[in-house]
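Notes to accompany the following structure.
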Amino acid sequence: MKTLIAAYSGVLRGERRAEAARSENKNGGSALSREGSGRWGTGSSILSALQDIFSVSWLNRSKVEKQLQVISVLQWVLSFLVLGVACSVILMYTFCTDCWLIAVLYFTWLAFDWNTPKKGGRRSQWVRNWAVWRYFRDYFPIQLVKTHNLLTTRNYIFGYHPHGIMGLGAFCNFSTEATEVSKKFPGIRPYLATLAGNFRMPVLREYLMSGGICPVNRDTIDYLLSKNGSGNAIIIVVGGAAESLSSMPGKNAVTLRNRKGFVKLALRHGADLVPTYSFGENEVYKQVIFEEGSWGRWVQKKFQKYIGFAPCIFHGRGLFSSDTWGLVPYSKPITTVVGEPITIPKLEHPTQKDIDLYHAMYMEALVKLFDNHKTKFGLPETEVLEVN
């Protein structure tokens, strides 16, 4: 605004100079020349001022959008890490206050609603379309690449690779509409499967279910693939906690060779298998890698065995600066490529030979998917997907 006022003042000064020139030079020759010069000068001043205003406005808007992107990512990271525990503590504390009735009502509701996650939860299109998820998407940015159509008359199990630290690509692509998954795969309902323990946490369970997230256990998957009609797509991060322990920038490795349970489920229900690879998932966090046999890896494996997840020592960037450490992931592109579905027959009692056959087909399809797209997303032709 100050710039515009200054420019307007320049207009007034130019008009005064032109008027003075006309009064002093009655012939008008040199005065006319000066008048034209004054007018052209003032026009340039206004144009320059407007350019400055719009330039500053654009820079401020860009900066605000970047901060909104950082905040949108941080809120999900904190929700994932501490929301469940924090709400549990708050509710227990509420029991000891005058607001104890609130806690009683919620826990009564929790008991009544306990099995809802096993039936696919309560998906909310309103939550899935929140603007915050678009800021989340643009921070990295994250994109979803479709290679083949999916039939709405079939059910699917997506194998998502790699896990990374938090599976941010899986969440953004399949638990929100930020990358327009419903438009790219019309008639398909995605369900991202995660640890069942998350659904025992008050408030967190409601948040997760609203995005279409469900427990990764046999009861839930059996229900969705047999009693929920067709057009269901269950996204399973096959490598799980074990894969997250080897997540690091520059490494493309998946834990898959001995993971065959998802193939058995697909055979029992006749659900097609869809290999899915997320380029860049391992780039957004750095972590301390403990060697096999070290005390650190021993602790991680004990947690994985008895609790279901493996604690990682990781870091990203700080909230206000990319040069400091913090919980905000680094803004590296994540591109999730959904491959060609593998047609799976329905076998109520699949043999080990059947499971091994389709597991081998799946591994081959995943490696092929990686090789066909790696150079498009910054990897050299010589890069090899490590299958463990």
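Numbers for residues simply follow the sequence, beginning at 1.
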Check the surroundings of atom CZ in Phe95: do more than 12 heavy atoms from other residues, nucleotides or ligands lie under 6.0 Å from it?
-> yes

Honestly curious: do Ile157 and Ile213 fall in one hydrophobic cluster under the side-chain, below-4.5 Å linking rule?
-> no

Tyr330 six-ring centre to Lys286 NZ/CZ under 6.0 Å and within 45° of normal = yes

Side-chain contact, heavy-atom cut-off 4.5 Å: Tyr160 with Ile236?
-> no

Residues 343-356 vs salt bridge (Lys or Arg N to Asp or Glu O under 4.0 Å), sequence neighbours excluded, gives Lys260-Asp356

When you check the side-chain N and O atoms of Glu177 and Ser182, is any donor under 3.5 Å from an acceptor?
-> yes

Would the number of heavy atoms belonging to other residues, nucleotides or ligands and lying under 6.0 Å from NZ of Lys264 be above 12?
-> no

Grab the two heavy atoms, one from Ile234 and one from Ala193, that are nearest each other, plus how far apart they are.
-> CG2-CB, 4.3 Å

Output field: ring centroids Trp133/Phe171 closer than 6.0 Å | yes

Correct closest heavy-atom pair for Gly120 and Leu224 would be CA-CD2, 3.9 Å

Could you pull out the closest heavy-atom pair between Leu369 and Pro275, with the gap in Å?
-> CD2-O, 3.5 Å

Take atom CZ in Phe107; do more than 12 heavy atoms of anything else shown fall under 6.0 Å from it?
-> yes

Atom of Glu383, atom of Asp371 and distance for their closest heavy-atom approach = O-OD1, 4.3 Å

Which class fits the ring pair Tyr362 and Phe262: parallel under 30°, tilted 30 to 60°, perpendicular over 60°?
-> perpendicular

Between the CG atom in Asn129 and the OG atom in Ser124, the distance rounded to the nearest 0.5 Å is 8.5 Å

Any chance the side chains of Tyr223 and Asn232 put a donor and an acceptor closer than 3.5 Å?
-> no

Over-ring placement of Lys146 relative to Phe185, 6.0 Å and 45° cut-offs = yes

Does the side chain of Arg189 reach to within under 4.5 Å of the side chain of Asn228, using non-hydrogen atoms?
-> yes

Carboxylate-amine/guanidinium proximity below 4.0 Å for Arg317 and Asp323 = no

Check ion pair Lys368-Glu340 (N to O, under 4.0 angstrom) | no

Look at the rings of Phe377 and His373 and say which category their plane angle falls in: under 30° parallel, 30 to 60° tilted, over 60° perpendicular.
-> parallel

Would you say the side chain of Leu319 lies within less than 4.5 Å of the side chain of Leu74, judging by non-hydrogen atoms?
-> yes

Please work out whether the ring planes of Phe158 and Phe174 are parallel, tilted or perpendicular, with thresholds of 30° and 60°.
-> perpendicular

Only one of Ser175, Cys214, Pro215 forms a side chain to side chain contact (heavy atoms under 4.5 Å, CB included) with Tyr191, so which one is it?
-> Cys214

Supply the atom-to-atom distance Glu386 CD to Phe370 CZ, rounded to the nearest 0.5 angstrom.
-> 10.5 Å

For atom CD of Gln352, is the number of surrounding heavy atoms from other residues, nucleotides or ligands below 6.0 Å larger than 12?
-> yes

Salt bridge present between Lys227 and Asp222 (N-O < 4.0 angstrom) = no

Taking the six-membered ring for Trp and the full ring for Phe, Tyr or His, determine whether the centres of Phe290 and Trp298 are under 6.0 Å apart.
-> no

Given Gln143 and Thr336, is the side chain to side chain donor-acceptor pair (under 3.5 Å) satisfied, shown in steps?
-> CA-CA 6 Å; Gln143 63 174 321; Thr336 303; over 6 Å; no

Could you tell me whether the side chain of Ile355 reaches within less than 4.5 Å of the side chain of Leu267, counting heavy atoms only?
-> yes

Assess whether atom CG of Leu357 is packed by more than 12 heavy atoms of other residues, nucleotides or ligands within 6.0 Å.
-> yes

Answer yes or no: is there a side-chain heavy-atom contact under 4.5 Å between Thr255 and Arg259?
-> yes

Between Asn173 and Thr179: side-chain donor-acceptor atoms closer than 3.5 Å = yes

